[in-house]
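Given the structure is predicted, the values throughout are model-derived calculations rather than measurements. Quick note on labels: first sequence line is chain A, next is B, and so on, each numbered from 1.
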Amino acid sequence: MEKQYNPSTVEERTYRRWLERRYFHADESSPKPAYSIVIPPPNVTGVLHMGHALNNAIQDILIRHRRMKGFEVMWMPGTDHAGIATQNVVERRLAKEKKNRHAMGREAFVNEVWKWKEEYHATITTQLKKLGSSCDWDRERFTMDDGLSAAVRKVFVELYNEGLIYRGKYIINWCPRCRTALSDEEAEHKELNGKLYHLKYPYEDGSGHVVVATTRPETMLGDVAVAVNPADERYAAVKNKKIALPLTGRSIPFIEDGFVDREFGTGAVKVTTAHDPNDFQMGLRHNLEPVVVMDEGALMAGEIPEKYKGMDRFECRKTLVADLEAAGLVEKIDEHNHSVGHCYRCQTVVEPYYSDQWFVKMKPLAEPALAAAVNDEVRFYPARWKKTYIDWMENIRDWCISRQIWWGHQIPVWYCGCGEIIVSEETPQTCKKCSSTALTQDSDVLDTWFSSWLWPFSTMGWPEDNDFMKKFYPTDTLATAPEILFFWVARMIMAGYRFTGKLPFTDVILHGTVRDKTGRKMSKSLGNIIDPLEVIPVYGADALRFSMIMITAQGSDVFLGKDTFDIGRNFANKLWNASRFLLGNIKDGAIQGTLPPIDRMKAEDKWILSKLQRVIKDMDSAISAYRFNEACHTIYDFTWHEFCDWYVEAKKADFYQDGDPQRKSDALSLCGYVLASILKLLHPLMPFITEEIWAHLREKMTFDGLIDAESIMLAKYPEPEPSLINESVESDFDLLKNCIVALRTIRSENNIPPDKTGTAVIIPADRESEAWLVSQTATINLFAKLSETTVSVDAQKPGFAGSAVVKGNQLFLCLEGLIDKNVEIERLTKEVARLKSIADSAKARLESESFISRAPADIVEKEKEKYQGILVNLEKTEKALAMIYIRE
RNA sequence: GGGCGUUUAGCUCAGCUGGUAUAGAGCACCUGCCUUACAAGCAGGGGGUCGUAGGUUCGAAUCCUACAUCGCCCACCA
């Protein structure tokens, strides 16, 4: 084994081997219980980023953990066609070659996108593999695969036949740059500093004007009325007048509608039914014919003055306001902040647009999905997302699913010249009504999420009820980002209930967003990307995963900086070196490891085994509760600060001493036992290095029931062994450690060089401690660099020495001429002050009548013991301090 | 406008059901060490009135209320 762990060669070789041996393959005929996850399919638009790294690390931890726990696990990988996003990037690329999709035609363009898809799909799956993801690659799916496309069509037809899918002319969110409709969720609202324009609309009879307020004055060209609240008396006298709409001369009426807020603006609202969702609703109530004044690129169009035709909406706003001002028709312009929808793909300001679209009626679908959350059948981690989910479900609105793009699932609807509409899973050849063969398919495609919402079962072959689906559906855990709670998670739950009758997963992990150290989202435009593909070759995928998971509490955002990955890399290296050291002590071939009988175990052996059992329990519960950071801390602390710092150090005595082969082989077996357990516990978090060390370990040691598989992936996850938990050994060991630390502190504070050995005298608090510490003098000497330690309740206090008190045990470090009086006086004085303040607060508490009478008896008892203990330490420390002064 | 969350060491954050003699970790900092697994390391140390003000409680970083702060999500304020 090399002196430093080198992840890049190990990781590549190891992953290849896993693939070759088909360890990731899920077997639907396995008798083991199933555990399954479907990947949130990455878009084929891009490359892997840190968000994917986090998301997939979490899933892989769960999958590897359950696999080792004896489940038949299935992790379904795949990618998403990401309609608008992918079409956009391909169009941009074509634009560079001076091509555009309209010139190419639909078929050629879609072929072009497929080529792109192949390329990027390959890239992103390669990248997922670099992270160590143990997906079942044999099952990989793409949202536009034949099977998934068939599922999409089936679902569309079913919902249509039930009346849950309908088509109609409504105001929808429109992106004029992508030239497509968007769902409400795809319009991101952002607060903008805008203006509120107060415009004067003159009455036709010349008797004055009404003032209306608007943030989008250009839409006035499409006004069809002015609305006031029926109870608003200010307008009672004028509401029968006709208004001459400026710049157009069109005559428009007043209407009365309860929607109008009397307090806002002037209480009179211009009504633009074709360009505003509220106005549209009013238009329906008052039978107003929409007047469209913009085209699909948001350029001014229609029955409007020539001057404005073809003008961009924002350009028109400026020109038109100037024109109105010139005509004296602008009363005032106020500053006004309001939130404006932006296209979630290209950030263009969306325009409410009146057009023919397809919708899904959501209320009936939402009912069981809402109940599932209310009844905790589906659980969110962290739980606070439950409320957000419920709020959305309770106020759900219909889903606009048609998109005016080409890349995606074309809507399975055909139109015949005779007016017949055919909605069918298969492409129809003739019209049922008139037998015409001249059928035209609806040119729109479906929203990307219309295929994603079927993902948990469409990927498994639904609607076919096959063995694979029987085994692995419903899945167990879904890990994703809260950004797509509504887009995806909620809709999957709805689709799961509607089409399979089952909740598609029971646990939803909503992890945070990856940000830079200043809290900004990582994005190309900000230039603050930390690219996982640059991190992995340097630090290793293990370090990347472990570091990210360790520093992030459940559901909180991940803040990454340049040095973040040191944590994982250093830890991997520490583990590597400890393993190298232990295995290096096995000189000749492989040994047969076995736990020595209890009477041959030394105190530190019982201690580390006891600690290990707790760690096993804690790891398992942390991972089961999706508290991955706690799992990392648990194994990190145990490995580094208990196993390496204390146990392996203590075992050196056994390794270095010649002459007792039994002692050495016991020590090696025990170290092997603990190391193998650490590797198993750590494997889901750091898959590569644990597999590599496992291989080295297997070369050197066999161990029945422990080193139990050729790959650690297939090894059995440790189970806690209650008989090995030994609380009294643990507390004895705590005392020992505290004594050693106290002696080291005296050395260090007095600047005693490491090569100066000294002697120690320990006067224990009682016979029990005496017996324990007497048995540990060799360990004390080793750890505190002493030549001799005398432990006896009858021991004489030495002359001038450094001293400390640990739980009533008095320690003296004797080093002739090297202990500094002033240092000791300062140390002990501080210690006395500290103990006094603790004693005072304990005393005050014990003297409080209410504490004694109201606190639980065991707490009171503990407090008493604590107080007595402190008094003993205080007294002994004070005496030691006094002795120094006496000797002065 | 509604909802959710954050505020703990110089920095980034843990701290779950209120009670552990000193509120933890990593990084940074100070001191001493290249001690034959590891300088990506070892040993030791300094550093905190847990955002503010009230309240509940024998006891509050932890529960409640208000305020402040920063952030996120939702919303048809024209």
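Pairing partner, B/C67: B/G51, with both Watson-Crick or wobble hydrogen-bond distances short of 3.5 Å. Pair assignment for B/C72 gives B/G3, based on Watson-Crick or G-U wobble hydrogen-bonding distances that are each under 3.5 Å. For B/G44, the paired base is B/C30 (Watson-Crick or G-U wobble, both distances below 3.5 Å). Pairing for B/C16 is absent, judged as Watson-Crick or G-U wobble with the two contacts each under 3.5 Å.
A/Pro856 comes within 4.0 angstrom of a nucleotide base, judged by non-hydrogen atoms across all strands. Within 4.0 Å (heavy atoms only), A/Gln4 reaches at least one base atom of the nucleic acid. A/Ile567 comes within contact range of the sugar-phosphate backbone alone, with a heavy-atom separation under 4.0 Å but no base atom that close. Heavy atoms of A/Asn751 sit under 4.0 angstrom from primed sugar atoms or phosphate atoms, though from no base atom. Among the protein residues, A/Asp276 comes within range of no part of the nucleic acid, since none of its heavy atoms lies under 4.0 Å from any strand. Within 4.0 Å of A/Phe264, counting heavy atoms only, lies at least one base atom of the nucleic acid. Counting non-hydrogen atoms under 4.0 angstrom, A/Lys3 reaches the backbone sugars and phosphates but no base. Among the heavy atoms of the strands lying under 4.0 Å from A/Phe486 are primed sugar atoms or P, OP1, OP2 only; no base atom is included. Residue-level contact check: A/Thr272 touches neither bases nor backbone, having no heavy atom under 4.0 Å from any strand.
Here the side chain of A/Ala553 is nearest to one of B/A14, B/C73, B/A21, namely B/A14. Checking B/G3, B/A78, B/C58 against the side-chain heavy atoms of A/Phe851 singles out B/C58 as nearest. Of the listed nucleotides (B/A78, B/C4, B/C72), B/A78 has the atom at the smallest distance from the side chain of A/His338. Set against B/C58, B/C27, B/U31, the side chain of A/Asp563 has B/C27 as its closest nucleotide.
When the side-chain nitrogen and oxygen atoms of A/Arg384 are compared with OP1 and OP2 of B/C73, none of them lie within a distance under 4.0 Å. Side-chain N/O atoms of A/His189 include none lying less than 4.0 angstrom from OP1 or OP2 on B/C77. Within the structure, every side-chain polar atom (N or O) of A/Trp646 is placed at least 4.0 Å from both OP1 and OP2 of B/C42. At least one side-chain nitrogen or oxygen of A/His336 sits closer than 4.0 Å to the OP1 or OP2 atom of B/A78. Residue A/Thr388 has no polar side-chain atom (N or O) positioned under 4.0 Å from OP1 or OP2 of B/C72. Between A/Arg627 and B/G15, a side-chain N or O to OP1/OP2 separation shorter than 4.0 Å is present. At B/A43, none of the side-chain N or O atoms of A/Lys737 fall inside 4.0 Å of OP1 or OP2 (strictly under the cut-off). A/Asn570 has a side-chain polar atom (N or O) that falls below the 4.0 Å cut-off from OP1 or OP2 of B/G41. Between A/Arg580 and B/A37 there is no side-chain N or O to OP1 or OP2 distance below 4.0 Å. Residue A/Lys574 places at least one side-chain N or O under 4.0 Å from the OP1 or OP2 atom of B/C42.
With hydrogens and angles left out, the side-chain atoms of A/Thr552 and A/Asn629 include no donor and acceptor closer than 3.5 Å. Counted by atom type alone, A/Ser748 and A/Asn750 present zero donor-acceptor pairs between their side chains at under 3.5 Å. Inspection of the A/His641 and A/Asp645 side chains reveals an N or O donor paired with an N or O acceptor under 3.5 Å. With no hydrogens or angles considered, a side-chain donor-acceptor pair links A/Tyr344 and A/Glu186 at under 3.5 Å.
At least one cation-pi condition fails for A/Lys651 and A/Phe581: the charged atom is not both under 6.0 angstrom from the six-membered ring centre and inside a 45 degree cone around its axis.
At a cut-off of 3.5 angstrom, counting only N and O atoms as typed in the model, there is a donor on one side and an acceptor on the other between the side-chain of A/Lys652 and the base of B/A37. Scanning atom types as modelled, no donor and acceptor separated by under 3.5 angstrom connect the side chain of A/Glu863 and the base of B/A21.
In summary, A/Arg580 and A/Glu2 do not engage in a salt bridge, as defined by a charged side-chain N under 4.0 Å from a carboxylate O. For A/Arg845 and A/Glu863, the salt-bridge test passes: some basic side-chain N is under 4.0 Å from an acidic carboxylate O.
Between A/Glu483 and A/Glu263, the residue anchored nearer the 5' end of RNA chain B, judged by the nucleotide with its closest heavy atom, is A/Glu483. Both A/Arg744 and A/Arg216 sit near RNA chain B, but only A/Arg744 has its closest nucleotide nearer the 5' end.
Regarding A/Asn229, its CG atom lies at a distance of 17 Å from the P atom of B/C77, rounded to whole Å. Atom P of nucleotide B/G59 and atom CZ of A/Arg845 are separated by 10 Å, given to the nearest angstrom. Taking atom CD1 on A/Ile551 and atom C1' on B/G24, their separation rounds to 17 Å, with Å as the unit.
Under a 3.5 Å cut-off, the side chain of A/Asp654 and the backbone N or O of A/Lys664 do not form any donor-acceptor pair.
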